[in-house]
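Before any comments, here is the structure.
The structure displayed is predicted, hence computed values, not measured ones. Position 1 is the first residue of the sequence, and the numbers go up from there.
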Amino acid sequence: QVQLVESGGGLVQPGGSLTLSCKGFGSNVYRNTMGWYRQAPGKQRDLVAAITPGNTKSVKVSLKDRFTVSRDNVNDVVYLQMTSLQPEDSAVYSCYSAAGDLVNSPPEHWGQGTQVTVSS
């Protein structure tokens with residue numbers, strides 16, 4: 001059984017930065033790809049970033065200049081560093097661990113989600 005616990009969301013002003021963390025609990029989390037989706041009200045859920053155990057990364061093209069994904073395989077934590085945040089980045093950000101170790105491996109387990117609100 002895998003459990004994912006996110007932290008780091010909150011309210012930030014436009015232009016500000018946030019770092020989200022997702023701690024994985026359970027066997028073999030470190031062996032699987034982990035990543036982040038986000039969903040804004042009334043919109044579909046979008047893949048933001050993924051990172052394999054071997055540190056191959058994929059970030060949504062439109063976010064590459066501002067978002068960085070990383071992971072700590074020793075502690076089973078995946079991070080999402082977000083800079084120059086804009087109101088359109090406001091969404092619920094959800095961490096996942098995948099059913100595999102490829103950058104496009106599909107999500108298998110989900111965190112509870114953390115709200116990011118960008119507003120002045």
>> Using 0.5 Å steps for rounding, measure from the CD atom of Gln86 to the CD atom of Gln13.
In response: 12.0 Å

> In Å and rounded to the nearest 0.5 Å, what is the OG1 to CG distance from Thr117 to Asp89?
Replying inline: 11.0 Å

> Is the shortest heavy-atom distance from the side chain of Asp72 to the side chain of Tyr79 under 4.5 Å?
Replying inline: yes

>> Hydrophobic clustering (ILVMFWY, side-chain heavy atoms < 4.5 Å, transitive) - are Trp36 and Leu63 grouped together?
In response: yes

> Given the side-chain rings of Tyr37 and Trp110, with only the six-membered ring counted for Trp, is the space between their centroids under 6.0 Å?
Replying inline: yes

> Which atom pair, heavy atoms only, marks the closest approach of Ser120 to Pro14?
Replying inline: N-CD, 3.7 Å

> What disulfide (SG to SG under 2.5 Å) pairs are there with at least one residue in residues 30-71, not counting sequence neighbours?
Replying inline: none

> Restricting to pairs with a member in residues 4-99, which pass disulfide (SG to SG under 2.5 Å), not counting sequence neighbours?
Replying inline: Cys22-Cys95

>> Looking at Lys57, I'd like to know if its NZ atom is crowded, meaning that more than 12 non-hydrogen atoms belonging to other residues, nucleotides or ligands lie closer than 6.0 Å.
In response: yes

> Counting only N and O atoms by type, is there a donor-acceptor contact under 3.5 Å from the side chain of Arg71 to the main-chain atoms of Ile51?
Replying inline: yes

>> Taking the six-membered ring of Phe67 as reference, does the cationic atom of Lys64 (NZ for Lys, CZ for Arg) lie under 6.0 Å from its centre and within 45° of its axis?
In response: no

>> Quick one, Val69 with Val59, criterion side-chain contact (heavy atoms from CB on, under 4.5 Å). Give me CA distance, side-chain angles, the key distance, then yes/no.
In response: CA-CA 7 Å; Val69 64; Val59 179; 4.1 Å; yes

> So, for Ala40 and Ala91, which heavy atoms are closest and what is the spacing to 0.1 Å?
Replying inline: N-CB, 3.8 Å

> Is the shortest heavy-atom distance from the side chain of Tyr93 to the side chain of Leu80 under 4.5 Å?
Replying inline: yes

>> Just verifying a value: how many Å separate Ser7 OG and Leu20 CG, rounded to the nearest 0.5 Å?
In response: 8.0 Å

> Say you draw a straight line from CD of Glu6 to NZ of Lys23; how long is it, rounded to the nearest 0.5 Å?
Replying inline: 14.0 Å

> How far apart are the closest heavy atoms of Met34 and Val78, and which atoms are they?
Replying inline: CE-CG1, 3.8 Å

> Are the side chain of Asn75 and the backbone N or O of Val77 linked by a donor-acceptor pair below 3.5 Å?
Replying inline: no

> What closest approach, in Å, do Gln39 and Arg45 show between heavy atoms, and which atom pair accounts for it?
Replying inline: NE2-N, 3.8 Å

> Looking at side-chain heavy atoms only, is the closest gap between Arg38 and Leu47 below 4.5 Å?
Replying inline: no

> Backbone N or O of Thr33 within a donor-acceptor pair of the Ser105 side chain at under 3.5 Å?
Replying inline: no

>> I'd like to know whether Val92 forms a side-chain contact (heavy atoms from CB on, under 4.5 Å) with Thr114, so could you lay out the CA-CA distance, the side-chain angles of the two residues, the decisive distance to 0.1 Å, and finally the verdict.
In response: CA-CA 5 Å; Val92 174; Thr114 186; over 6 Å; no

>> Rounded at 0.5 Å granularity, tell me how far CD in Gln81 sits from OG in Ser17.
In response: 9.0 Å

> Between NE2 of His109 and CG of Asn32, what distance do you get to the nearest 0.5 Å?
Replying inline: 7.5 Å

> So, do Ser97 and Leu4 sit near enough that their side-chain heavy atoms are less than 4.5 Å apart?
Replying inline: yes

> Just by modelled atom types, is the Met82 backbone N or O under 3.5 Å from a matching donor or acceptor in the Arg66 side chain?
Replying inline: no

